[in-house]
Amino acid sequence: MALIRIDHLPDKIKMNMPLNVIVPDPGQMKEIPVRQRKILYLLHGLSDDASAWQRYSAIEVYARLYGLVVVMPSVGRSFYIDQPNGQQYFSYLMDELPLYLEDVFGIVPCRENTFVAGISMGGYGAFKAALLHPERFFAAASLSGVLSLSILSAIPKGSDHGDFTHLFGDLDKLPGSQHDPAVWLQSAIDNKVKLPRLFIACGKQDDLYPLNIQVVQYCKSLGIEIDFHEEDGKHDWLFWDRQIRLLLTKLLIPE
């Protein structure tokens, strides 16, 4: 596979950002051009960037196995939101980046060929993308995801607390706000939209495990089908690498 690093200046963010893309080598095309292949958006966590998936997982091996195009954007510590300072990270991910990929690579994927997955903060971003734009994705996966922002209000006063307050405002008011995944899920039910296939995975030794269990139970209470996977594991790349391999097996190998 070819790993392409692009340093570009998104209009929505107004600063130079790295973008990593995995595409097949010429000899691996096998008469299936990039524009016709399945595309996987992989979203990083709070302390990572576009290089994390390629550095810490075997995603290139899996991309070769399934002939995938893999897109790994950078969004800093934005939590995939359009920030108050004008840097529109979610709009970049959903609007500007797809157009850029079309212009540069000719990628115009249909819903059935488009997946999104992320770790930790990226799990939040993946579900946000899929639930607010269900017409764009066939499946979405949260791996050890921050799927309830209520955990942020418990952070002690300090640098991280200040960062999140800058992003979201009063952290005590997050439940029921536009940033609350529970609101996205309820809205999807109320509007009777066709949801993507939803996957959640979390390790039993992960501090976010109880939160993920709560989200799974909430989805079930709404009648939303969730493919939930739990096993021994921590909040680390050993767990996430196993989960992305399992996810691709479920999505891409016929039963």
Side-chain angles (χ1 to χ4, degrees), residues 8-20 41-50 52-53 71-101 114-137 140-155 157-188 191 193 195-196 198 200 208 211-212 215 218 235:
H8 67 317
L9 182 63
D11 184 62
K12 297 290 186 183
I13 302 176
K14 295 179 173 58
M15 64 177 291
N16 196 61
M17 301 294 292
L19 169 69
N20 284 9
Y41 286 86
L42 280 182
L43 308 185
H44 67 76
L46 188 66
S47 60
D48 294 320
D49 63 10
W53 277 99
V71 177
M72 297 165 283
S74 286
V75 301
R77 294 168 62 86
S78 70
F79 251 91
Y80 298 87
I81 72 168
D82 290 345
Q83 298 190 26
N85 67 359
Q87 292 182 310
Q88 299 174 291
Y89 285 94
F90 189 65
S91 294
Y92 161 66
L93 177 67
M94 299 307 303
D95 301 327
E96 188 172 2
L97 179 56
L99 291 176
Y100 185 68
L101 294 172
T114 310
F115 318 109
V116 60
I119 59 166
S120 197
M121 180 187 79
Y124 175 88
F127 266 44
K128 181 177 183 178
L131 293 174
L132 296 187
H133 294 276
E135 76 284 355
R136 302 266 291 273
F137 300 97
S142 167
L143 312 181
S144 309
V146 184
L147 294 181
S148 171
L149 296 181
S150 59
I151 192 173
L152 300 185
S153 61
I155 295 175
K157 301 289 184 180
S159 59
D160 283 348
H161 190 280
D163 288 348
F164 297 137
T165 300
H166 170 73
L167 288 177
F168 298 109
D170 187 344
L171 300 183
D172 292 329
K173 295 182 179 179
L174 280 175
S177 73
Q178 62 175 322
H179 304 298
D180 187 350
V183 171
W184 312 334
L185 290 162
Q186 184 64 61
S187 177
N191 294 318
V193 301
L195 288 173
L198 298 176
I200 293 177
L208 296 180
L211 180 151
N212 276 261
V215 173
Y218 180 68
H235 202 78

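- Between Phe79 and Phe168, the two ring planes are perpendicular [angle over 60°; tilted spans 30° to 60°].
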Please list, one pair per line, the donor and acceptor atoms closer than 3.5 Å that link side chains of residues 116-132 to other protein atoms, with sequence neighbours excluded.
from	atom 1	to	atom 2	distance (Å)
Ser120	OG	His235	NE2	3.0
Tyr124	OH	His179	O	2.6
Lys128	NZ	Tyr80	O	3.0

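- Residues Tyr41 and Val71 have side chains in contact (heavy-atom distance under 4.5 Å, counting atoms from C-beta outward).
- Counting only heavy atoms from C-beta outward, the side chains of Leu93 and Leu43 approach each other to under 4.5 Å.
- For the atom pair Tyr92 OH and Leu19 CG, the distance stands at 5.0 Å (nearest 0.5 Å).
- Residues satisfying the side chain to side chain donor-acceptor pair (under 3.5 Å) test with Ser148, not counting sequence neighbours, are Ser150.
- Side chain of Asp82 to backbone of Ser91: a donor-acceptor contact under 3.5 angstrom is found.
- With sequence neighbours left out, the side chain to side chain donor-acceptor pair (under 3.5 Å) criterion links Asp49 to Ser51.
- Rounding to the nearest 0.5 Å places CG of Leu167 at 4.5 Å from CD1 of Ile81.
- Every residue meeting the side-chain contact (heavy atoms from CB on, under 4.5 Å) condition with Gln87, not counting sequence neighbours, appears here in chain and number order: Ile13, Met15, Gln83, Asn85, Tyr89.
- No donor-acceptor pair under 3.5 Å is formed between the side chain of Ser187 and the backbone N or O of Trp184.
- The minimum heavy-atom distance linking Ser177 with Leu174 is given by the pair OG-O, 2.7 Å.
- Remark: Trp53 CH2 to Asn20 CG distance equals 13.5 Å, nearest 0.5 Å.
- Contacts of Val193 classified as side-chain contact (heavy atoms from CB on, under 4.5 Å), with partners at least two apart in sequence or in another chain: Pro134, Ala188, Asn191, Leu195.
- Side-chain N or O atoms of Asn212 include one that pairs as donor or acceptor with a backbone N or O of Gly145 at under 3.5 Å.
- Atoms CG and CG, on Asp180 and Leu185 in that order, are 9.0 Å from each other to the nearest 0.5 Å.
- Counting heavy atoms from C-beta on, the side chains of His44 and Val75 come closer than 4.5 Å.
- For Asp11, the side-chain contact (heavy atoms from CB on, under 4.5 Å) criterion is met by Lys14, Glu96, not counting sequence neighbours.
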